[in-house]
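Side chains are part of it too, since the values below use all heavy atoms of this structure and drop only hydrogens, waters and symmetry mates.
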Amino acid sequence: MSAAPPRYDGPRALAQSLSAFARNAAADAHWDREGLRGDTEYRDLGLAAATGGRVGAKHIRTLAPLREPLGWHWHDMTAHYVYVLHGWLTFRFAGIEGDVTLHAGDGLSQPAGVPHTVIARADDLEVIEINEPAAYGTWDLTEAPAPWR
C-alpha cells in the first residue's frame with residue numbers, strides 16, 4: 001500500500017482508464033523497415049495507440065553489421081529509455097565522458113534531446129526503446145560535439 005495519495009480518483013472502470021487495454025502478441029508480430037536505419041527492423045509494441053501518442057515503445061533488431069558509427073544526432077523527445085534484450089551496443093553522448101556500453105539485460109535512460117551516436121554494436125543486437133512522446137523528429141549534426149571533434 002502506498003503512503004502517498006493517488007494522482008487521480010480510482011479505481012476506474014475500463015472505459016474511464018487513462019490508457020487503453022492493448023495486448024501485443026509475439027505470434028502476431030509485424031516487423032517493418034520504416035525506422036531511422038535501413039539495416040534494422042522495427043516492431044511497434046502498441047503503447048502509442050494505448051496512450052494516445054504520449055508514450056511509444058518499439059522492439060528493434062539489427063539485420064546487418066554496423067559498418068561505421070551512426071553519426072551524431074539528437075531526438076526531440078522528453079524521455080528516451082533503451083533496454084538491451086540481446087547483444088550489446090556502445091554509445092557516445094555529448095556531456096558524458098567516455099564510451100557507454102550496454103549488454104543484454106542492461107538499460108539506459110538516454111538523456112532526451114542530447115546529441116549522441118552509436119559507435120559499435122553486436123551484429124545480432126535487439127533492444128526495446130521507450131520514448132515520450134511516441135512521435136518525434138531526429139536531426140543529424142554536421143559535426144561531433146567536443147571532445148570528439
Item to check | Distance, nearest 0.5 Å, that separates NE2 of H73 from OG1 of T138 | outcome: 6.0 Å

Checklist entry - Given T40 and R121, is the side chain to side chain contact (heavy atoms under 4.5 Å, CB included) satisfied, shown in steps? => result CA-CA 12 Å; T40 55; R121 70 176 188 217; 4.1 Å; yes

Checklist entry - Do L66 and V100 share a hydrophobic cluster (ILVMFWY, side-chain heavy atoms under 4.5 Å, transitive)? => result yes

Checklist entry - Ignoring hydrogens and geometry, is there a side-chain-to-backbone donor-acceptor pair from T117 to G71 under 3.5 Å? => result yes

Checklist outcome for this item: Between V82 and F91, the two heavy atoms sitting closest are CG2-CZ, 4.4 Å

Next on the checklist: Do Y42 and L89 land in one hydrophobic cluster if side-chain heavy atoms of ILVMFWY residues count as linked below 4.5 Å?
Outcome noted: yes

Checklist entry - Would a distance-only check, ignoring hydrogens and angles, find a side-chain to backbone donor-acceptor pair under 3.5 Å from N24 to D44? => result yes

Checklist outcome for this item: Correct closest heavy-atom pair for A144 and W72 would be CB-NE1, 3.2 Å

Item to check | Minimum heavy-atom distance W88-L125, with the two atoms named | outcome: O-CD1, 3.5 Å

Checklist entry - So with a 6.0 Å cut-off around NE2 of H103, is the heavy-atom count from everything else above 12? => result yes

Item to check | Same apolar cluster (I L V M F W Y, side chains within < 4.5 Å links), I60/L108 | outcome: yes

Item to check | T78 (side chain) donor-acceptor with E132 (main chain) under 3.5 angstrom | outcome: yes

Item to check | Closest non-hydrogen atom pair between T62 and A122, with its separation | outcome: OG1-O, 3.8 Å

Checklist entry - D99 side chain to T90 main-chain N or O, any donor-acceptor pair under 3.5 Å? => result no

Item to check | Ring geometry between H75 and H116 (parallel below 30°, tilted from 30 to 60°, perpendicular above 60°) | outcome: tilted

Item to check | Exercise: identify the closest heavy-atom pair between D124 and G87 | outcome: OD1-CA, 4.3 Å

Checklist entry - Near R7 CZ, under 6.0 Å, is it more than 12 heavy atoms from other residues, nucleotides or ligands? => result no

Item to check | Donor-acceptor contact present, side-chain R33 to main-chain E41, <3.5 Å | outcome: no

Checklist entry - Going through the distances and angles, do L18 and R12 end up as a side chain to side chain contact (heavy atoms under 4.5 Å, CB included)? => result CA-CA 9 Å; L18 300 179; R12 291 182 173 234; 3.6 Å; yes

Next on the checklist: For a 4.5 angstrom cut-off between non-hydrogen side-chain atoms, does L45 reach H59?
Outcome noted: yes

